[in-house]
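Below: one structure, written as structure tokens.
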Amino acid sequence: IDSSTFTNNGTAATKPQNGGAIAIKTVTNTSTISSTSVTGGNSTSSGAGIYANAAPLTLTNVTVNSNTASGTGGGLYVTGAASTLSISGGSFNSNSGTSGGGIYIATVTGTSSIASTSISNNTLSSATGNGGGIYISAAPINITSTDISGNTGGYDGMGLYMTGAASVVSIMGGTVSGNSGRNGAGIDSVTSSNLSLTGVTVSGNTCNSGGAGGGVYAAGSALTITKSVIKGNWAGTYGGGVYNSSTTATITNSTISGNVDDQQSYSDGGGIYTTTNPINIFNCTIAGNYALRNGGGLRVNSGTATVQNTIFWGNTGTVPTISGTPTVTYSDVEGGYAGTGNINVNPSFVNFQQASAGTPTTAGDLHLSAGSPVIDQGVNNANTPADDIDGDSRPQASGIDIGSDEYLVNTPPVGGYTADNIIPAAQISQATDGSGIITVTWKGKDGENNSVTLKNFQYSVDGGSNWNTPTNGDT
């Protein structure tokens, strides 16, 4: 199907059927839909926009918006071992169902993929439904550069809900923002599922007063968060940014900031709440979070926690920074914390912003400023990542920096000049604070050693291929 429009199609109320607009069942070859719009559909069962059962499906730049299912999968429903799904581009917006308001995918053997897609403003009609944007059950999937935002209603995982041992879900890039529900308003991973986030921004998600894990709720078999930002999320009970009880969890090179947990008298873990099972936290920045009770930055309720090369700064609560007994080394902990190599100094962020009761924040810039006292103060060992949250290599100077950011040391360019008759005595130097500012001073003399005015001074940043006349503020 190519360059087509399906509008206001549906199934009869007297005979519940799947697939309001398109239904594909038991097809061996891959069905392909491209540059097509599927809107306003309704289904008295599942898949109001598109339904696929035991049928591999590829969607490219397909708009699936404003469809309503009485059952699951308001926009798209995919099931069956053979139903591998590939989505590239397009949107799944403003659809509704009981679970999986935008997309519902279950019991698929092959690894599906979603790339560069908008999954936004979908709703759930059932108060106990899960997965406002995406519902995944027993299905592996890779999600890349996708926006999952503004999904509401129902119960858990309003951005994305995943369950089952076969649900190995990798999210790379993109955003999960502005979703609201109970547990895991942004992402909810439960029942032996395996969640990996790399380079993802999880922000502005809101749990109700009984919910935990404003940004991420992880109670599956494994949680891995790398080079990600989890900020401005709001939980009711535990874990404003992250709630973890996974079998294993590792958070590396990530910034967790501006999150709030304060809707119950026992609200703990403004940044991270972890319980039962081990968690590792390496080269992270945990700053500006708020908890009503214990652990504004980190609450270790039970289980072991190993923390290295991490900043805890500006977190607030009854126990403001760290609550519990994690092993913390080579970290910057406000107020101090016992452990090898730990320090207690203001890390000097570019723009530090702080959450407060009832007010999470996504503002601020927690990269390190020039001259930060945490530069070169970390340890380089097997747990130290090779680069930072931005992909800059570690170390930049004599040692590893504490936190998610490795302060970038600029390498001075090679200076040179050409001139006819008048050859200035040039001096080129670069500031030692790492700002990259280059100073050029010169005095021009003619052949008789008389001072002259230089009127055509130019510089090149590409080895002489292009020349520029300097103006104030050039970089």
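Note that the structure is predicted; figures quoted are calculated from it, not measured.
Side-chain atoms of Thr285 come within 3.5 Å of backbone atoms of Ser404 as a donor-acceptor pair (strictly under, hydrogens ignored). Looking at Ser323, its side chain never comes within 3.5 Å of a backbone N or O of Asn294 through a donor-acceptor pair. When atom types are taken as modelled, the side chain of Ser369 and the backbone of Ser348 share a donor-acceptor pair closer than 3.5 angstrom. At least one donor-acceptor pair under 3.5 Å links the side chain of Ser83 to the backbone N or O of Thr79. Formation of a donor-acceptor pair under 3.5 Å by the Asn277 side chain with backbone atoms of Ser245 is found in this model. Counting only distance, with no hydrogens or angles, the side chain of Asp332 and the backbone of Val374 share no donor-acceptor pair below 3.5 Å. Tyr337 contributes no side-chain N or O that, together with a main-chain N or O of Phe312, makes up a donor-acceptor pair within less than 3.5 Å. Judged by distance alone, the side chain of Asn122 and the main-chain N or O of Gly133 form no donor-acceptor pair under 3.5 Å. Although no hydrogens or angles enter the test, the distance criterion places no donor-acceptor pair under 3.5 Å between the side chain of Gln264 and the main chain of Gly236. Remark: the backbone N or O of Leu124 is not paired with any side-chain donor or acceptor of Ser99 at under 3.5 angstrom.
Taking each heavy atom of Asn342 and Val328 in turn, the nearest pair found is ND2-O, 3.0 Å. Between Thr146 and Thr117, the shortest heavy-atom contact is CG2-O, 2.9 Å. Of all non-hydrogen atoms in Ala21 and Gly49, the two that sit nearest each other are CB-O, 3.2 Å. Scanning all heavy atoms of the two residues, the minimum distance from Ala69 to Ala48 falls at N-CB, 3.7 Å. Ile400 approaches Asn283 most closely through the heavy-atom pair CG2-ND2, 4.0 Å. Here the closest non-hydrogen pair linking Cys207 and Ala235 is CB-CA, 3.9 Å.
For the pair Leu160 and Ile136, the minimum side-chain heavy-atom distance is below 4.5 Å. Side-chain contact between Thr39 and Val64: absent, with no pair of heavy atoms (C-beta onward) separated by less than 4.5 Å. With a 4.5 Å cut-off on side-chain heavy atoms, Trp313 and Leu366 do not count as touching. Counting only heavy atoms from C-beta outward, the side chains of Arg293 and Val319 never approach each other to under 4.5 Å. For the pair Thr304/Pro278, a side-chain contact is recorded, criterion being any heavy-atom separation below 4.5 Å from C-beta on. With a 4.5 Å cut-off on side-chain heavy atoms, Ile286 and Thr310 count as touching. A 4.5 Å side-chain heavy-atom check between Thr327 and Val307 finds every atom pair outside the cut-off. Side-chain contact between Val333 and Thr321 is present, with at least one heavy-atom pair separated by less than 4.5 Å.
A donor atom on one side chain and an acceptor atom on the other are found under 3.5 Å apart for Ser118 and Asn93. For the residue pair Ser34 and Asp2, a side-chain donor N or O sits within less than 3.5 Å of a side-chain acceptor on the partner. Counted by atom type alone, Thr128 and Ser126 present one or more donor-acceptor pairs between their side chains at under 3.5 Å. Using modelled atom types and a 3.5 Å distance limit, the side chains of Asp147 and Ser149 yield a donor-acceptor pair. Between the side chains of Asp390 and His367, at least one donor N or O lies within less than 3.5 Å of an accepting N or O. Judged purely by distance below 3.5 Å, without hydrogens or angles, the side chains of Asn309 and Arg394 never pair a donor atom with an acceptor atom. Neither side chain, Asp261 nor Trp234, offers a donor N or O lying under 3.5 Å from an acceptor on the other. In the model, Asn381 has a side-chain atom that pairs as donor or acceptor with a side-chain atom of Gln308 under 3.5 Å. For Asn18 and Ser45, the side-chain atoms include at least one donor-acceptor pair closer than 3.5 Å.
Rounding to the nearest 0.5 Å places SG of Cys284 at 6.0 Å from CD1 of Ile251. Atom-to-atom distance recorded for Tyr290:OH and Ser267:OG is 9.0 Å, nearest 0.5 angstrom. Distance check: Ile105 CD1 to Leu76 CG gives 8.0 Å after rounding to the nearest 0.5 Å. Atom CD1 of Ile171 and atom CE of Met162 lie 7.5 Å apart (nearest 0.5 Å). Between the OG atom in Ser246 and the CG atom in Leu223 there is a gap of 5.0 Å [rounded to 0.5 Å]. Going from atom OG of Ser254 over to atom CD1 of Ile389 covers 5.5 Å, rounded to the nearest 0.5 Å.
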Run the side-chain contact (heavy atoms from CB on, under 4.5 Å) test on Thr5 and Thr36 for me, step by step, so that the C-alpha distance in whole Å, both residues' side-chain angles and the decisive distance to 0.1 Å come before the verdict. CA-CA 6 Å; Thr5 300; Thr36 291; over 6 Å; no
Start with the C-alpha gap between Phe6 and Ile50, add the side-chain angles, then the distance that decides, and say whether side-chain contact (heavy atoms from CB on, under 4.5 Å) holds. CA-CA 10 Å; Phe6 295 79; Ile50 303 172; over 6 Å; no
For the pair Val78 and Val108, evaluate side-chain contact (heavy atoms from CB on, under 4.5 Å) and give the outcome as yes or no after the intermediate values. CA-CA 8 Å; Val78 177; Val108 174; 4.2 Å; yes
Yes or no on side-chain contact (heavy atoms from CB on, under 4.5 Å) for Ile103 and Tyr77, after CA distance, side-chain angles and deciding distance? CA-CA 6 Å; Ile103 299 171; Tyr77 182 101; over 6 Å; no
Could you list the donor-acceptor pairs under 3.5 angstrom formed by side chains in residues 137-145, with sequence neighbours left out?
none

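With respect to Gln354, the side chain to side chain contact (heavy atoms under 4.5 Å, CB included) criterion is satisfied by exactly one of Asn315, Thr361, Thr316, Asn289: Thr316. Shown are Asp268, Asn244, Asn301; of these, the side chain to side chain donor-acceptor pair (under 3.5 Å) with Thr275 is made only by Asn301. Here the rule is side chain to side chain donor-acceptor pair (under 3.5 Å) with Lys227, and of Thr252, Asp387, Asn253 only Asp387 fits it.
Sorted by first and then second residue, the side-chain hydrogen bond (donor to acceptor under 3.5 Å, both in side chains) pairs with a member in residues 179-201 read Asn151-Asn179, Tyr155-Arg182, Asp156-Arg182, Thr163-Thr191, Asn179-Asn205, Ser189-Ser193; sequence neighbours excluded. Here side-chain hydrogen bond (donor to acceptor under 3.5 Å, both in side chains) pairs that include residues 52-74, with residues two or more places apart or in two chains, are Ser46-Thr72, Tyr51-Asn53, Asn65-Ser91, Asn67-Asn95.
Taking the six-membered ring where tryptophan is involved, the planes of Tyr238 and Tyr243 are tilted, since the angle between them lies from 30° to 60°.
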